[in-house]
K.L.:
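Structure provided below as structure tokens; questions to follow.
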There are 2 protein chains.
Amino acid sequence: MAKYITSFMAQTLPVKFKAQAAVLKALAHPTRLFIVDELSKRERCVCELTEMVGSEMSTVSKHLTLLKHAGIVEDDKRGVQVFYRLKRPCVMNFFKCVTAVRKDAIEE
Amino acid sequence: MAKYITSFMAQTLPVKFKAQAAVLKALAHPTRLFIVDELSKRERCVCELTEMVGSEMSTVSKHLTLLKHAGIVEDDKRGVQVFYRLKRPCVMNFFKCVTAVRKDAIEE
DNA sequence: GACATATTTAGGCAAATGGCTAAGTATATC
DNA sequence: GATATACTTAGCCATTTGCCTAAATATGTC
């Protein structure tokens with residue numbers, strides 16, 4: 001079943017939903033959510049975030065690169081340090097709802 | 001570095017962020033976003049969604065189970081069919097922002 | 001009870017993820 | 001230009017994802 005052009009989605013929809021999924025995927029990790037939460041308060045350099053997160057700097061750096069590619073954060077270098085900040089503070093808006101959803105899920 | 005109890009996050013924060021990440025992770029897939037979008041219009045049985053998505057029914061069923069565990073959809077059986085619907089329509093709220101973020105990312 | 005339809009579950013496999021160590025790059029200091 | 005610090009990239013490995021096929025379950029019909 002569904003071997004050829006059975007569905008209309010296979011052609012038309014992925015563009016929109018793939019793009020959205022990419023952003024959500026970038027956020028869908030505890031460490032990255034923590035980082036985003038921190039950056040919503042103020043910008044931070046990689047070394048500060050590394051200290052707070054408690055993983056290797058290379059790991060934190062990868063998370064930041066991923067968030068950057070998703071368009072969620074931006075960075076600039078000052079001396080030896082690289083500072084990251086939220087590019088779209090509105091990202092924070094939907095966490096309330098996310099939490100609400102989660103509460104329901106846990107109740108079950 | 002960061003070998004022992006270096007960070008405060010390692011102990012305290014994961015609980016909150018893990019829960020949020022779980023919800024985002026459940027949504028972070030094009031097919032599941034499509035399904036959620038469809039269900040925001042009206043409830044659907046698995047066979048309808050299967051037809052629209054264009055994957056095997058077993059695959060769609062798995063996606064639905066995943067969404068259900070995340071607390072995003074709920075279902076009930078009527079005869080041979082199982083109907084799914086959104087449990088938290090507010091899930092739809094943050095897609096506008098997600099899209100905004102994405103637009104930025106693509107611009108680069 | 002045999003049979004068809006709708007759905008889920010199990011098992012397998014290729015690809016993606018997330019972590020680490022180690023090596024490379026860039027900037028500032030001596 | 002040697003050295004130290006901050007960061008990124010590469011390579012490796014274990015785990016997770018996502019899809020498929022095949023088998024199991026459940027419900028309704030003959």
K.L.:
Looking at Tyr84(A), does any N or O in its side chain come under 4.0 Å of the phosphate oxygens OP1/OP2 on dT8(D)?
P.N.:
yes

K.L.:
So, does Thr65(A) use its side chain to make a donor-acceptor pair with the main chain of Ser61(A) at under 3.5 Å?
P.N.:
yes

K.L.:
By nearest atom, which of the nucleotides dC19(D), dA6(D), dT7(C) is closest to the Cys47(B) side chain?
P.N.:
dT7(C)

K.L.:
Atom CG of Asp76(A) to atom P of dT8(D): distance rounded to whole Å?
P.N.:
12 Å

K.L.:
What is the distance, to the nearest angstrom, from the CG atom on Leu24(B) to the C1' atom on dT17(D)?
P.N.:
17 Å

K.L.:
Any donor-acceptor pair, under 3.5 Å, between the side chain of Ser58(B) and the base of dT21(D), if you only look at N and O atoms?
P.N.:
yes

K.L.:
In whole angstrom, what separates Leu64(A)'s CG from dT9(D)'s C1'?
P.N.:
14 Å

K.L.:
Treating Thr50(B) as the side-chain partner and Val46(B) as the backbone partner, does any N or O pair qualify as donor plus acceptor under 3.5 Å?
P.N.:
yes

K.L.:
Against Asp76(B), only a single residue in Lys68(B), Lys87(B), Arg85(B) fulfils salt bridge (Lys or Arg N to Asp or Glu O under 4.0 Å); can you say which?
P.N.:
Arg85(B)

K.L.:
So, is His63(A) close to the dG19(C) phosphate, meaning a side-chain N or O under 4.0 Å from OP1 or OP2?
P.N.:
yes

K.L.:
Would you say His29(B) places a side-chain N or O within less than 4.0 Å of OP1 or OP2 belonging to dC19(D)?
P.N.:
yes

K.L.:
Find which nucleotide of DNA chain D each of Lys62(A) and Gln81(A) is nearest to by heavy atoms, and output the residue with the more 5' nucleotide.
P.N.:
Gln81(A)

K.L.:
Would you mind reading off the distance between Asp75(A) atom CG and dA6(D) atom P, rounded to a whole angstrom?
P.N.:
17 Å

K.L.:
Under 3.5 Å, side chain of Gln81(A) to main-chain N/O of Arg78(A), donor-acceptor pair present?
P.N.:
no

K.L.:
How many whole angstroms separate atom CD of Glu56(B) from atom P of dT9(C)?
P.N.:
17 Å

K.L.:
Would you kindly give the CG-to-P distance between Leu27(A) and dT17(C), to the nearest whole Å?
P.N.:
14 Å

K.L.:
So does Thr59(B) get a side-chain nitrogen or oxygen closer than 4.0 Å to the phosphate oxygens (OP1/OP2) of dC19(D)?
P.N.:
no

K.L.:
Can you check whether Arg78(B) has a side-chain N or O nearer than 4.0 Å to OP1 or OP2 of dT27(D)?
P.N.:
no

K.L.:
Whole Å only: how far is the CG atom of Leu67(A) from the P atom of dG18(C)?
P.N.:
11 Å

K.L.:
Of all the choices, dT8(C), dA6(D), dT9(D), which nucleotide is nearest to the side chain of Val82(B) once you look at every atom?
P.N.:
dT8(C)

K.L.:
Measure the shortest side-chain to side-chain distance between Leu49(B) and Arg44(B) over non-hydrogen atoms and say whether it is less than 4.5 angstrom.
P.N.:
yes

K.L.:
Checking contacts here: which listed nucleotide (dT5(D), dG18(D), dT8(D)) is nearest the side-chain heavy atoms of Val80(A)?
P.N.:
dT5(D)

K.L.:
Measure from the side-chain N and O atoms of Arg32(A) to the backbone N and O of Leu66(A), and report whether any donor-acceptor pair falls under 3.5 Å.
P.N.:
no

K.L.:
Is the distance from OP1 or OP2 of dT8(D) to the nearest side-chain N or O of Lys77(A) less than 4.0 Å?
P.N.:
no

K.L.:
Rounding to an integer number of Å, can you tell me how far Leu66(A) CG sits from dG19(C) P?
P.N.:
11 Å

K.L.:
Look at the side chain of Ser61(A) and decide which nucleotide, out of dT9(D), dT9(C), dA6(C), has an atom nearest to it.
P.N.:
dT9(D)

K.L.:
Contact class for Phe83(B) (heavy atom, under 4.0 Å): base, sugar-phosphate, or nothing?
P.N.:
nothing

K.L.:
Counting side-chain heavy atoms from CB outward, which of dA22(C), dT21(D), dA6(C) is closest to Met57(B)?
P.N.:
dA6(C)

